[in-house]
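Computed over heavy atoms, backbone and side chain alike; hydrogens, waters and symmetry mates excluded.
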Amino acid sequence: KIKTVGIFSPLFNPKQREENEEIAEAIEQSGRQVYLPQKFPLRYFLDRLKDLGYTDNEADLYSRRLVSLLDLYQDRKLDAGVLNLNGRVPDEGSLIDATLLWTANKPLVVYKADVRSMINGYNNPMVRLLGEPVDTHEKIIEQLDRYEKSFPSFRKAMAEARKLVGGTDLEKETALEELLKRVLSK
């Protein structure tokens, strides 16, 4: 059962934080708890460390480390996650959180409701490995509900990669053509 869901999303401006709150609200209305990193703002730790007498550089160093460790700790406790890919380029921290969850073999819903992208409406092919994006909050909930029954996993993707690439000498001049033929023959 998926009880706790993390939201992996940029949170650097009011619009991004507002969108995160909307996603969180939809998930909470489905009866699940949400971990939303923006509720643990870096600014709090920065200000508190400065109040305690740390220099700006020390406060910055310690607060970033604290926020990263807090995220890592929370990520391991999650049952599932939602990766928000809205924007031209995915947020690096969000991708790390999502990849940690995915490689831990936990469900991940990929959400993208805008058209900005890298390649013909798609994100980087490596990001696409994390899942096919859904484009509404309702579809996020539907996907979480489906994942409660079963979900594609990191292990499945690795098995597919081994099957496709295994035994291919990638140094050979014809290697890419061989891989293309294998993909097209499916």
Mind listing the closest non-hydrogen atom pair of [X] and [Y] along with its distance?
{"X": "Ala59", "Y": "Ser63", "answer": "O-OG, 2.6 Å"}
{"X": "Ile141", "Y": "Ser30", "answer": "CG2-CB, 3.7 Å"}
{"X": "Thr168", "Y": "Ala175", "answer": "CG2-CB, 4.0 Å"}
{"X": "Val67", "Y": "Phe45", "answer": "CG2-CD1, 3.7 Å"}
{"X": "Glu19", "Y": "Asn84", "answer": "OE1-ND2, 3.0 Å"}
{"X": "Leu144", "Y": "Ile2", "answer": "O-CD1, 3.5 Å"}

Within this structure, what is the [atom1]-[atom2] distance for the pair [X] and [Y], rounded to the nearest 0.5 Å?
{"X": "Trp102", "Y": "Leu130", "atom1": "CH2", "atom2": "CG", "value": "6.0 Å"}
{"X": "Arg146", "Y": "Lys139", "atom1": "CZ", "atom2": "NZ", "value": "9.5 Å"}
{"X": "Gln143", "Y": "Glu138", "atom1": "CD", "atom2": "CD", "value": "14.0 Å"}
{"X": "Leu78", "Y": "Thr4", "atom1": "CG", "atom2": "OG1", "value": "7.0 Å"}
{"X": "Arg32", "Y": "Asp79", "atom1": "CZ", "atom2": "CG", "value": "9.5 Å"}

Kindly say whether [Y] contributes a backbone atom to a donor-acceptor pair with the side chain of [X] at under 3.5 angstrom?
{"X": "Thr99", "Y": "Ile96", "value": "no"}
{"X": "Asn20", "Y": "Pro10", "value": "yes"}
{"X": "Gln38", "Y": "Arg17", "value": "yes"}
{"X": "Glu18", "Y": "Pro14", "value": "no"}
{"X": "Asp114", "Y": "Asn86", "value": "no"}
{"X": "Lys112", "Y": "Leu83", "value": "no"}

Treat each ILVMFWY residue as a node, draw an edge where side-chain heavy atoms are under 4.5 Å apart, and state whether [X] and [Y] are in one component.
{"X": "Tyr147", "Y": "Ile7", "result": "yes"}
{"X": "Leu72", "Y": "Leu101", "result": "no"}
{"X": "Leu11", "Y": "Ile140", "result": "no"}
{"X": "Tyr62", "Y": "Tyr44", "result": "no"}
{"X": "Leu61", "Y": "Leu70", "result": "no"}

Residue pairs fulfilling salt bridge (Lys or Arg N to Asp or Glu O under 4.0 Å) with at least one residue in residues 167-177, sequence neighbours excluded: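 Listed by first then second residue: Lys172-Glu178.
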
Would one find more than 12 heavy atoms of other residues, nucleotides or ligands at under 6.0 Å from atom CD of Gln33?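 No - once you tally the heavy atoms of other residues, nucleotides and ligands closer than 6.0 Å, there are 12 at most.
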
Has Leu179 got more than 12 heavy atoms of other residues, nucleotides or ligands less than 6.0 Å from its CG?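 Check passes, neighbour count above 12.
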
Just to verify, which of Val82, Ile27, Ile23 counts as forming a side chain to side chain contact (heavy atoms under 4.5 Å, CB included) with His137?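 Result for side chain to side chain contact (heavy atoms under 4.5 Å, CB included) with His137: Ile23.
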
Pairing of Asp56 and Lys50 as salt bridge, 4.0 angstrom limit: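 Yes, Asp56 and Lys50 are salt-bridged.
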
Provide the full list of side-chain hydrogen bond (donor to acceptor under 3.5 Å, both in side chains) pairs with a residue in residues 69-78, sequence neighbours left out, each pair given once.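 Residue pairs with at least one partner in residues 69-78: Tyr35-Asp71.
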
